[in-house]
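Numbers here simply count residues along the sequence, with the first being 1.
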Amino acid sequence: MGTYNFDQMIKRTGTSCVKWDETKSVFGHGDVLPMWVADMDFQAPYEVTAAIKEKVEHGIYGYTSVPSSNSEAVISWLMKRHDWNVEKDWLSYISGVVPALSAAIQSLTEQNDKVIVFSPVYYPFYDMINLNGRKVVTSPLRFENGRYSMDMDHFESMIDEDVKLLLLCNPHNPGGTVWSKEELKQLGDICVKHQIKVVADEIHGDHVLKGHSYTPFASISEAFAQISVTCIAPTKTFNIAGLQAAVMVIPNKTIRESINLFQMKQGTIMLNAFGIVAMEAAYRHGDTWLGEVLEYIEGNMEIAIEFINRELPSLKVAKPEGTYLLWIDCRTLNLKDEQIKHLLLEKGKLAVDFGKKFGVEGDGFIRMNVACPKETLLDGLNRLKKALT
């Protein structure tokens, strides 16, 4: 028996929870089980809650700076967990990874510059490129035996003088691939050759399943470090996304100063006071919680895959290498994204993320979040079966 009880069912409706309270506005249905947004239905580590309570009890919530102890906690975590030696000067704080992507795009590219993504990919990648007046260039991933891989030849063929930036998702969302050091090295060599900067969304780096190892892109070589912006956060790792606290690791001084100047122009130079204390507490004391939640999620993955293979053999699903997101291949049903969506919402009363949202290459897939109590998971799986049989 572990320290934490992840079987506990905790009511999230009526708490302004996006995942549970916004299903009506997002899906047009308020009576569906939400297994879409990538947050967990688990309480954060005790130490995080204690740190927030201490801040609450102080009673004064004025302008708050990020203390050096916070940076020390980040640096220690990255070294201990991922063998990455990071310097304090490299750290720039921001409210979230998506704002970090936007800041990097606006700082490091000009209007109508091109930005490459590997598709399918986390949908805010497209939004941040398009909304900031840049052009999306897609390099489709190869999908074989339930795993995505990069087509390096195609990627390099898409590079021209207008391509300035690559947005990399490491580990990959929605597919769950944890890019190997060898894959990242081959990718990085191409980017160095063509002077392409890399903005790496590595927010899922702590959520890697057994038998796999996450490698921060920038940790591989000095050359890679000098072209990269690495976006990390405790928010995904410890389920504290609502506290809005993230970090950009930027070894290159010129790139760092450019992004910091952009943030100053935007006036976004402070973090939420509660996000600061939660971040430090999580990185200092969250090891036990993370170990137990990873084990629980691993069990949920196995339950879900066994259920789908047994009850829905027409679907294809493979255990992801990382994240807590199950990427389910429904293409053998010969249904379009909208048809799958209709069946799940109307018949199964189940809300998941539908594949085309992640790019045209995702058409026919669904993404299911299994970071929930087993009772919720089994309910969702039975709804999936009801919808598709």
Side-chain angles (χ1 to χ4, degrees), residues 13 18-39 41 117-127 130 136 138-149 169 172-177 300-301 303-320 323-372 376-389:
T13 53
V18 171
K19 182 178 180 181
W20 285 82
D21 288 330
E22 297 300 324
T23 52
K24 175 79 171 178
S25 61
V26 175
F27 295 98
H29 296 263
D31 59 344
V32 293
L33 180 69
M35 300 184 77
W36 59 296
V37 173
D39 73 6
D41 292 325
V117 301
F118 290 104
S119 54
V121 74
Y122 181 47
Y123 46 88
F125 278 31
Y126 305 107
D127 294 340
N130 288 323
V136 176
T138 59
S139 181
L141 293 167
R142 292 171 171 162
F143 190 67
E144 298 174 313
N145 300 317
R147 185 185 192 271
Y148 281 110
S149 62
C169 200
H172 184 256
N173 173 12
T177 298
N300 276 2
M301 286 289 183
I303 289 169
I305 291 168
E306 192 277 332
F307 180 96
I308 291 169
N309 287 338
R310 183 184 70 248
E311 303 292 339
L312 294 160
S314 58
L315 306 185
K316 295 180 181 178
V317 62
K319 188 176 179 180
T323 80
Y324 46 76
L325 306 166
L326 203 57
W327 189 236
I328 304 170
D329 186 351
C330 307
R331 290 176 296 175
T332 56
L333 299 176
N334 294 316
L335 300 173
K336 292 295 184 182
D337 218 50
E338 286 302 315
Q339 294 173 298
I340 297 171
K341 185 175 182 178
H342 177 80
L343 286 171
L344 263 64
L345 293 174
E346 297 286 348
K347 187 178 176 185
K349 299 299 180 182
L350 176 66
V352 297
D353 274 321
F354 299 95
K356 205 168 182 179
K357 190 175 186 178
F358 302 89
V360 294
E361 295 80 8
D363 194 6
F365 290 80
I366 60 173
R367 191 191 77 170
M368 176 182 282
N369 178 353
V370 303
C372 55
T376 302
L377 174 65
L378 293 172
D379 185 9
L381 291 170
N382 281 310
R383 289 168 185 251
L384 181 67
K385 178 182 176 181
K386 181 179 179 181
L388 299 180
T389 57

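- N369 has its side chain out of reach of V37: every pair of non-hydrogen atoms, C-beta onward, lies at least 4.5 Å apart.
- Looking at heavy atoms from C-beta onward, L350 lies out of side-chain contact with V32 at the 4.5 angstrom threshold.
- Judged purely by atom type and a 3.5 angstrom limit, T323 uses its side chain to pair as donor or acceptor with the backbone of L325.
- Checked against the 6.0 Å centroid criterion, the rings of F27 and W36 qualify as a close aromatic pair.
- Between C169 and F125, the closest side-chain pair of non-hydrogen atoms falls below 4.5 Å.
- In this structure the side chain of P320 reaches within 4.5 angstrom of the side chain of L326, judged on heavy atoms.
- With contacts defined as side-chain heavy-atom distances shorter than 4.5 Å, the pair L388/L344 qualifies.
- Considering CE of M301 and NZ of K319, their distance stands at 8.5 Å, rounded to 0.5 Å.
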| request: Please report the C-alpha distance between V352 and R367 in whole Å, then the side-chain angles of each, then the deciding distance to 0.1 Å, and finally whether the side-chain contact (heavy atoms from CB on, under 4.5 Å) criterion is met. | output: CA-CA 6 Å; V352 297; R367 191 191 77 170; over 6 Å; no

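- Taking CG of N309 as the start and CG of L315 as the end, the distance is 9.0 Å to the nearest 0.5 Å.
- Closest approach of R147 to T177, counting heavy atoms only: NH2-CG2, 3.3 Å.
- Listed for the T332 side chain is a donor-acceptor partner under 3.5 Å among the backbone atoms of S314.
- Shown here is N145, whose CG atom has no more than 12 heavy atoms of other residues, nucleotides or ligands within 6.0 Å.
- A distance-only check finds no donor-acceptor pair linking the side chain of Y123 to the backbone of K356 [under 3.5 Å].
- The side-chain heavy atoms of V117 and Y122, taken from C-beta on, include no pair separated by under 4.5 Å.
- Ion pairing between a basic and an acidic side chain is recognised when a charged N comes within 4.0 Å of a carboxylate O; D337 and K341 show no such pairing.
- The only option from I340, L343, L384 that meets the side-chain contact (heavy atoms from CB on, under 4.5 Å) definition with C330 turns out to be I340.
- Between F118 and R142, every side-chain heavy-atom pair lies at or beyond the 4.5 Å cut-off.
- Few gaps surround NZ on K357; more than 12 heavy atoms of other groups in view lie less than 6.0 Å from it.
- Taking a cutoff of 4.0 Å between a charged side-chain nitrogen and a carboxylate oxygen, D329 and K316 do not qualify as a salt bridge.
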| query | How far apart are the C-alpha atoms of H29 and K24, what are their side-chain angles, what is the distance that settles it, and do they pass the side-chain contact (heavy atoms from CB on, under 4.5 Å) test? | reply | CA-CA 4 Å; H29 296 263; K24 175 79 171 178; 5.9 Å; no

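- T138 OG1 to Y126 OH: the interatomic distance, rounded to the nearest 0.5 Å, is 6.5 Å.
- The aromatic rings of W327 and F365 lie parallel to each other, with less than 30° between the two planes, well short of the 60° mark.
- Scanning all heavy atoms of the two residues, the minimum distance from P174 to P120 falls at CD-O, 4.0 Å.
- To the nearest 0.5 Å, atoms OG (S139) and CD (E361) are separated by 9.0 Å.
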| Given D353 and I366, is the side-chain contact (heavy atoms from CB on, under 4.5 Å) satisfied, shown in steps? | CA-CA 6 Å; D353 274 321; I366 60 173; over 6 Å; no

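- Distance check: D21 CG to T23 OG1 gives 7.5 Å after rounding to the nearest 0.5 Å.
- Atom SG of residue C372 and atom CE of residue M35 lie 4.0 Å apart, to the nearest 0.5 angstrom.
- In this structure, the side chains of L381 and M368 come closer than 4.5 Å at one or more pairs of heavy atoms.
- Annotation: K347, atom NZ; neighbour count of heavy atoms from other residues, nucleotides and ligands within 6.0 Å is above 12.
- Using a cutoff of 4.0 Å between basic side-chain nitrogens and carboxylate oxygens, D41 and K19 are scored as salt-bridged.
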